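Below is one structure, written out as structure tokens; comments come after it.
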2 protein chains.
Amino acid sequence: MSIESQATRDRILDAAERLFGLNGFPCASLRQITDEAGVNLAAVNYHFGSKEDLYKAVLIRRIRPVNEERLTRLGQAEQLAGDQPVPLRAILDTFIRPLLRRAANELPGGMPFLRLISRDLTDPQPFMLDEMVREFDPLVARYTRVLTQTLPGIPLSELFWRMQFTIGGMLYAAAHQHDFERTSCGLCRENDLDGCLRRLIDFCAAGLQAPLTKAAMQPAASTLQQNALLHYQ
Amino acid sequence: MSIESQATRDRILDAAERLFGLNGFPCASLRQITDEAGVNLAAVNYHFGSKEDLYKAVLIRRIRPVNEERLTRLGQAEQLAGDQPVPLRAILDTFIRPLLRRAANELPGGMPFLRLISRDLTDPQPFMLDEMVREFDPLVARYTRVLTQTLPGIPLSELFWRMQFTIGGMLYAAAHQHDFERTSCGLCRENDLDGCLRRLIDFCAAGLQAPLTKAAMQPAASTLQQNALLHYQ
DNA sequence: AGACGATTGAAACGATTGTTTTAATCAACC
DNA sequence: GGTTGATTAAAACAATCGTTTCAATCGTCT
């Protein structure tokens, strides 16, 4: 592979990342992408095979370093903790920071990539499902192990749900971070990585270690609560 | 409008809801929709004007009752609380239950609608933005007022972010509820409205009333934390 | 210099899209 | 009972899509 052909590959990847992120996979046409990249239309099929394969390449190019950084930071945190359990907020930091960092212009990708990965994790393209599972499988194993050590009082079934809520909050914040300045009436400034990260960790740490309600400890006894309002009074 | 034409309108709306929810707006074609509805292709443009207007009609038909139910339940909760602030978990229940209820076959719409609304709130179709703001504006005003009364210690700027995380967790859970049974290795059963609702409320209530970290109380002093791991040890 | 594989360029292909058009059918009313 | 307006049916429209084809060009070797 020559050095110029690598340049066209990269230009295609950059343009595709931006347009897939802004418009989504179905609405970003190859002609838009190749025009913006300044390359010929046929270059996509020549270098990547198909539109779907281009999409895979765009996602994998960014997700893999993010997940590697997550595991690296988690390893450092474990080392630092010694034989003590890793502090919950440190675990969350290793998980969230590598992603949100990409939107703060600290690293390539930026806002379009965050919208792209957020969209594809909340609403996956069918042909990406297997690929995604393969990329995230090692993470699931490592984080569940660390979390069960840090939060020994939380049953695994509860932990599973709470991690889903954590991921949901993270992805929603990642996708909308740049809209918040406009929709928050001045309560949020753009590109405030530290602020967003701290708030998200505050929120999710509290949620993850929330005390168990009666229903959570006796799941078999939970029944439909007809009037939930009374229950909370 | 005759009674049969209303029937074709409804058949189109039902089929569109299912296919928009499953495949997304761009990938669900009008021919798919009209075939499944058993009506002629031109009926969509005749009754709704365009594909975009059909999409609007599909969303509004379900969102409006959900938001009305939210405000009704919130009103009941306020009445029940008297001059006391409404309990946080009760507020969250009025907000989340009317949506998740739709997926538990308690009400029409079901899983496709939840995927649809979840997708359009996390990744809105551009032409729906104004319509959505109009539908949700009254909610924002009411819920921020009630929440500031219940959580007087949380600054508005923090509350804004925490509500975004709450919404993100709710939408993610709503969209994936039916996948969890498959991906959770038996930790989650499908259609468990009460279980999902309780866990989500446990999580978000703890997150919303989480104690403020130093950075949250002195936002001006927050600087980029180069090595966040040490910070948590 | 010449030959060969890799890459690019321009054009066309077949399929599908949302929309429009035109005629046929239906229901209701004077 | 014939007429009018609403609704449905079938066909065609123009545009765009991803992909393929084939010749032209480039870079790199012998």
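Order of the sequence lines fixes the chain letters, A, B, ..., with proteins taken first and strands second; residue numbering starts at 1 for each chain. If you're wondering where the values come from, they're calculated on a predicted model, not measured in any experiment.
Computed from coordinates, the B/K51 NZ to C/dT17 P distance equals 8 Å when rounded to whole Å. Rounded to whole angstrom, the span from the CG atom of A/L54 across to the P atom of D/dC17 amounts to 15 Å. The CZ atom of B/R31 sits 12 Å away from the C1' atom of D/dA10 (whole-angstrom rounding). Remark: P of C/dT17 and CD of B/E52 are 17 Å apart, rounded to the nearest angstrom. Residue B/N45 contributes atom CG, which lies 6 Å from atom P of C/dT20 at whole-angstrom precision. Atom CZ in A/F48 sits about 11 Å away from atom P in C/dT8, given to the nearest Å. Remark: P of D/dG18 and CG of A/D35 are 12 Å apart, rounded to the nearest angstrom. Atom CG in B/D53 sits about 13 Å away from atom C1' in C/dG18, given to the nearest Å.
Checking C/dT20, D/dT7, C/dT19 against every side-chain atom of B/A42, the shortest atom distance belongs to C/dT20.
In terms of position on DNA chain C, the residue among A/L41 and B/V44 whose nearest nucleotide sits closer to the 5' end is A/L41.
Ion pairing between A/D192 and A/R198 fails under the 4.0 Å rule for side-chain N and carboxylate O. No salt bridge links A/E69 with A/R97; every basic N to acidic carboxylate O contact stays at or beyond 4.0 Å.
Residue-level contact check: A/A7 touches neither bases nor backbone, having no heavy atom under 4.0 Å from any strand.
The phosphate of C/dT8 has OP1 or OP2 within less than 4.0 Å of a side-chain N or O from A/T8. Residue A/S29 places at least one side-chain N or O under 4.0 Å from the OP1 or OP2 atom of D/dC17. The side chain of A/H47 places an N or O atom within less than 4.0 Å of a non-bridging phosphate oxygen (OP1 or OP2) of C/dT8. Contact between the side-chain N/O atoms of A/S5 and the OP1/OP2 oxygens of C/dA6 is not found at any separation under 4.0 Å.
Without hydrogens or angle criteria, A/K51 side chain to A/A28 main chain gives a donor-acceptor distance under 3.5 Å.
Relative ring orientation between A/F20 and A/Y55 is described as perpendicular, the plane-to-plane angle rising above 60° on a 0-90° scale split at 30° and 60°.
Between B/Y172 and B/S118, the side chains place no donor N or O within less than 3.5 Å of an acceptor N or O (distance only, hydrogens not considered).
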